[in-house]
Novice: 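Questions regarding the structure given below will be posed in turn.
The sequence lines fix the lettering, A, B, ..., with proteins before strands; numbering per chain opens at 1. Computed from a predicted model, the values in this text were never measured in an experiment.
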Number of protein chains: 2
Amino acid sequence: MNASDRLIESTQELLWERGYVGTSPKAIQQRAGVGQGSMYHHFQGKPDLAAAALRRSAEEMRALNERTLGGPGSVYERIAACLGREREVLRGCRIGRMAQDPEVVAEPELRAPVEETFDWLVARLAGLIEEGRASGEFRPGAPAAELAQALVAVIQGGYVLARAADSAEPFHQAVRGALALLLGQLAEQPE
Amino acid sequence: MNASDRLIESTQELLWERGYVGTSPKAIQQRAGVGQGSMYHHFQGKPDLAAAALRRSAEEMRALNERTLGGPGSVYERIAACLGREREVLRGCRIGRMAQDPEVVAEPELRAPVEETFDWLVARLAGLIEEGRASGEFRPGAPAAELAQALVAVIQGGYVLARAADSAEPFHQAVRGALALLLGQLAEQPE
DNA sequence: GTCTATAAGTAGATAGAC
DNA sequence: GTCTATCTACTTATAGAC
């Protein structure tokens, strides 16, 4: 792997672990095993490198979610598979984490990948719910986009609760609670 | 107001805006209008001051939620009042935000107020749901604690989605979605 | 209690040699 | 392309005077 790719990968990891403010060029270089001059040759500076790293993380995140959402099963099963997929819960969400950083939110180049990832995920879930309504699996009700936002929020909030408790348990409880609530939207109510 | 209180208040604001890593003693002193020596006289250092600020924020957050959860109305109405209460959505949650900070999570003194706030809120909501089941307002189903975790996660995740979009709208959509899902738990299903 | 001085270390680069 | 040197500003204090 070349220096540029190693730099991007190290930046992805550090942004995930320490956020944008907490990530220094020096730390990136050390983890990548790359010198100062090399980094500034390939990238204009920290914001430029962070933008590249975030675009790549966003792409990976989208592929990861599509694997379950586009998989086999009923709409409910696919949503459950997505929410319940294996995660390193205590590490938090590498995309959602960036939303807390004021410098990321303030800089369009940095915020764009974050916003687009959530836009995509919400739209994908809303589309699935509508598909489930069309097929008779789900009953009509609240706007699909609102239910989708709530589901994505449960995941993101689940990460927050887990890190606050230093335990993955609150995340899993929140997901089970959300799936129980979603059951109430099925056309045939399970008893 | 004395120097100590001004320092705590400034720290609360800065932790909310910029997080623990992003908040420097210098910035705290300047906002508080207090000199270096004064700060180190009243507090041992940044962690000590941050711990005091977080304990105070946690207390305020709890009082704020109790105002709606302990208010008038049915259980559903009180939960809806809590989720829908006025918020400065784009500023995020001053407690939940801290969960992203590795130095906060790693330091028990700093993490404790965060964990305790969520523990209290989840327990309060779970208690309300059980109360609603006992009175016949809610139907039995998933463990109340799981539903409560999901509701708190929706709020925390809603903040994340709002900041990612630089708009309060995703937060409000997520809350509406969550309340629609919660309606499915009422004993008398509204049509 | 509050102030100023000092200090070792880091942040985030730029310059120029190789 | 990569390396080392250099630089200004900030971080997080400690020391000691007032």
Novice: Between C1' on C/dG12 and CG on A/Leu14, what's the gap in Å once rounded to a whole number?
Specialist: 15 Å
Novice: Answer yes when B/Arg78 and B/Glu131 have at least one side-chain N-carboxylate O distance shorter than 4.0 Å, and no when they do not.
Specialist: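 The answer is yes: the pair qualifies as a salt bridge.
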Novice: Nearest-Å distance, CD (A/Gln36) to P (C/dT10)?
Specialist: 13 Å
Novice: Measure the distance from CD on B/Gln30 to P on D/dA9 and round it to the nearest whole Å.
Specialist: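 So the CD-P distance, B/Gln30 to D/dA9, works out to 15 Å.
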Novice: Does the side chain of A/Ser38 get closer than 4.0 angstrom to OP1 or OP2 of D/dG1 through an N or O atom?
Specialist: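 Answer no for this pair, as no side-chain N or O of A/Ser38 is under 4.0 Å from OP1 or OP2.
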Novice: Looking at every strand, decide which applies to A/Thr23 at a 4.0 Å heavy-atom threshold: base, sugar-phosphate, or nothing.
Specialist: sugar-phosphate
Novice: Among D/dT12, C/dT2, C/dG12, which nucleotide sits nearest the side chain of B/Ser24?
Specialist: D/dT12
Novice: Would you mind classifying the nucleic acid contact of A/Gly37 as base, sugar-phosphate or nothing, using non-hydrogen atoms under 4.0 angstrom?
Specialist: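 It contacts base atoms.
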Novice: Does a donor on one side chain sit under 3.5 Å from an acceptor on the other, for B/Arg87 and B/Tyr159?
Specialist: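 There is such a pair (donor and acceptor under 3.5 Å, judged by atom type) between the side chains of B/Arg87 and B/Tyr159.
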Novice: Taking CG from A/Leu7 and P from C/dA13, how many angstroms apart are they, rounded to a whole number?
Specialist: 14 Å
Novice: Could you tell me how far apart A/Gln44 (CD) and C/dT14 (P) are, to the nearest whole angstrom?
Specialist: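 After rounding, the gap between these two atoms is 9 Å.
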Novice: Within less than 4.0 Å of OP1 or OP2 of C/dA11, is there a side-chain N or O belonging to A/Lys26?
Specialist: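 No.
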Novice: Is the Lys NZ or Arg CZ of B/Arg97 less than 6.0 Å from the centre of B/Trp16's six-membered ring, within 45° of the axis?
Specialist: no
Novice: Charged N to carboxylate O under 4.0 angstrom, A/Arg94 versus A/Glu17?
Specialist: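 Salt bridge absent between A/Arg94 and A/Glu17.
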Novice: Where each residue is assigned the nucleotide of DNA chain C containing its nearest heavy atom, which of B/His42 and A/Lys46 is assigned the position nearer the 5′ end?
Specialist: B/His42
Novice: Taking CE from B/Met39 and C1' from D/dA15, how many angstroms apart are they, rounded to a whole number?
Specialist: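 For the pair B/Met39 CE and D/dA15 C1', the rounded distance is 16 Å.
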Novice: Could you tell me the separation between the CG atom of A/Leu49 and the C1' atom of C/dG12, rounded to a whole number of Å?
Specialist: 13 Å
Novice: Over how many whole Å does the gap from B/Gln29 atom CD to D/dC10 atom P extend?
Specialist: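 Taking atom P of D/dC10 as the reference, CD of B/Gln29 is at 14 Å.
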Novice: Measure from the side-chain N and O atoms of B/Asp101 to the backbone N and O of B/Val21, and report whether any donor-acceptor pair falls under 3.5 Å.
Specialist: yes
